[in-house]
Amino acid sequence: MDFILVSHGDLAKGMLASAQMIVGPQAQVAAFGLYPQEDVSTLRQQIVTYLQPLDASQIICFTDLFNGSPCNVVTSLMGQYNIRHLTGMNLALILEAFMMRQDPHNSREDLCHKLLRQAPQTFVDINQFLDESKE
C-alpha cells in the first residue's frame, strides 16, 4: 500500500520526516508541496508522474486542508485514478497509518475506516484533559 502526502508548502515533507524520526524509514511513500511560485498544474503533474507506475487501488492520499488547493488537485485526480483520499492529515494519523499498513490483514478500506474512527482522538483539549484527571 502506497501513501502520498500533499500539502501547502513543506508541511507534507516535514510531516513525513517527523513520522520517520519516530517510526523509522518508510517505503512506498511520497510527499509533495504546493509552493507560492508554483501553479497547481505543476503539483498535479508531479503527483501524476508518481502515480503512473503504481496500482492506484492500493494508494491513499493524505492532504492537509479540506478544499485547499492541494486537496482540490488530488480530488481532481480521483476520476482518473482509483485513489483513496483523506484530508485533514496530522502527524498522529500518519503514524497510525504507517503502523496499520504493516498488518497484511488491513485492506486500504479497513485502514481508512480505522483512521477516520481514530481522528477525533488526535485533537485533544489538554486543559480539559488535565481538569478531568484532577477529579
Side-chain angles (χ1 to χ4, degrees):
M1 189 177 319
D2 286 80
F3 295 157
I4 300 173
L5 285 59
V6 187
S7 69
H8 293 86
D10 288 329
L11 180 65
K13 292 174 183 177
M15 199 169 295
L16 176 56
S18 295
Q20 290 181 333
M21 182 178 76
I22 296 167
V23 296
Q26 297 292 308
Q28 296 177 268
V29 61
F32 299 96
L34 176 64
Y35 299 95
Q37 68 277 12
E38 294 177 343
D39 185 76
V40 293
S41 62
T42 303
L43 176 62
R44 188 179 202 283
Q45 188 53 53
Q46 290 171 342
I47 297 168
V48 166
T49 300
Y50 183 79
L51 285 171
Q52 284 177 337
L54 302 176
D55 175 4
S57 70
Q58 292 301 309
I59 296 172
I60 302 174
C61 287
F62 297 92
T63 56
D64 60 349
L65 183 64
F66 180 62
N67 270 340
S69 296
C71 177
N72 293 341
V73 166
V74 172
T75 300
S76 75
L77 295 170
M78 292 171 68
Q80 184 179 356
Y81 298 94
N82 180 23
I83 55 178
R84 196 69 162 78
H85 180 191
L86 302 177
T87 194
M89 70 176 168
N90 63 46
L91 183 57
L93 290 176
I94 297 302
L95 288 168
E96 191 63 33
F98 283 144
M99 291 184 283
M100 284 195 295
R101 79 172 174 177
Q102 294 175 7
D103 181 346
H105 296 102
N106 280 329
S107 70
R108 180 176 76 160
E109 290 305 310
D110 291 337
L111 197 144
C112 288
H113 289 295
K114 290 174 183 178
L115 289 174
L116 289 168
R117 278 196 311 271
Q118 291 179 356
Q121 298 167 17
T122 67
F123 195 77
V124 177
D125 179 343
I126 297 298
N127 295 83
Q128 181 181 352
F129 174 79
L130 291 173
D131 287 344
E132 289 172 358
S133 68
K134 291 177 186 176
E135 295 173 2

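Hydrogens, waters and symmetry mates play no part in the numbers below; they use all other heavy atoms, side chains included.
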- [ ] Give the ring-plane orientation class for F32 versus Y50, where under 30° counts as parallel, over 60° as perpendicular and anything between as tilted.
- [x] perpendicular
Open item on the list: For the CD1 atom of I126 and the CG atom of D131, what is their distance to the nearest 0.5 Å?
Closed with: 11.0 Å
TODO: Determine, using the 4.5 Å side-chain heavy-atom cutoff (strictly less than), whether F3 and V74 are members of one ILVMFWY cluster.
DONE: no
Open item on the list: For a 4.5 angstrom cut-off between non-hydrogen side-chain atoms, does M15 reach S7?
Closed with: no
TODO: Please answer: with hydrophobic residues joined when any side-chain heavy atoms are less than 4.5 Å apart, are F123 and F129 in the same cluster?
DONE: no
Open item on the list: Taking the side chain as everything from C-beta on, heavy atoms only, tell me whether L51 gets closer than 4.5 Å to I83.
Closed with: yes
Open item on the list: Before you tell me yes or no, could you show the steps for M100 and L115 under side-chain contact (heavy atoms from CB on, under 4.5 Å), namely the whole-Å CA-CA distance, both residues' side-chain angles and the distance that decides it to 0.1 Å?
Closed with: CA-CA 9 Å; M100 284 195 295; L115 289 174; 3.2 Å; yes
Task: Minimum heavy-atom distance H8-S69, with the two atoms named - done: NE2-N, 3.9 Å
- [ ] Following the transitive rule for hydrophobic clusters with a side-chain heavy-atom cut-off under 4.5 Å over Ile, Leu, Val, Met, Phe, Trp and Tyr, establish whether L54 and V6 coincide in one cluster.
- [x] yes
Task: V29 side chain reached by F98 side chain, heavy atoms, under 4.5 Å - done: yes
- [ ] Evaluate the side-chain proximity of I94 to Q26: yes if any heavy-atom separation is below 4.5 Å, no if none is.
- [x] no
Open item on the list: How long is the straight-line distance from OG of S107 back to NE2 of H113, given to the nearest 0.5 Å?
Closed with: 7.5 Å
Task: Residue pair L43 / Y35, side-chain heavy-atom distance below 4.5 Å - done: no
Task: ILVMFWY network linking L77 to L5, side-chain heavy atoms under 4.5 angstrom - done: no
Task: Rounded distance (nearest 0.5 Å) linking atom CE of M89 with atom CG of L11 - done: 5.0 Å
- [ ] Would you kindly confirm whether I4 and V23 end up in one hydrophobic cluster when ILVMFWY residues are joined by side chain heavy atoms under 4.5 Å apart?
- [x] no
Task: Closest contact, heavy atoms only, T87 versus L65 - done: OG1-C, 3.4 Å
- [ ] Might you work through the side-chain contact (heavy atoms from CB on, under 4.5 Å) test for N82 and R108, ending with a clear yes or no?
- [x] CA-CA 11 Å; N82 180 23; R108 180 176 76 160; 3.4 Å; yes
- [ ] Indicate the atoms forming the closest heavy-atom contact of A19 with L91, along with that distance.
- [x] N-CD1, 3.8 Å
TODO: Compare every heavy atom of R44 with every heavy atom of S76, then report the nearest pair and how far apart it is.
DONE: OG-NE, 3.4 Å
Task: Member of V48, I47, I59 meeting the side chain to side chain contact (heavy atoms under 4.5 Å, CB included) criterion with Y81 - done: V48
TODO: Please report the shortest heavy-atom distance between Q28 and R101, naming the atom on each side.
DONE: O-NH1, 3.2 Å
Task: Separation between CD of Q20 and OG of S18, rounded to the nearest 0.5 Å - done: 9.5 Å
Open item on the list: Return the CD to CG distance between E38 and L34, rounded to the nearest 0.5 Å.
Closed with: 6.5 Å
Open item on the list: I'd like to check the salt bridge (charged side-chain N to carboxylate O under 4.0 Å, His left out) partners of E109; sequence neighbours left out, ordered by chain and number.
Closed with: R84
Task: Straight-line distance of D64 CG to F62 CZ, nearest 0.5 Å - done: 13.0 Å
Open item on the list: Using a 3.5 Å distance criterion without hydrogens, assess whether the side chain of N90 forms a donor-acceptor pair with backbone atoms of L93.
Closed with: yes
Open item on the list: One pair to check against side chain to side chain donor-acceptor pair (under 3.5 Å): T49 and Q45. What are the steps and the verdict?
Closed with: CA-CA 6 Å; T49 300; Q45 188 53 53; 3.1 Å; yes
- [ ] Considering non-hydrogen atoms only, spot the tightest contact between M1 and L111 and give its length.
- [x] SD-CD1, 3.9 Å
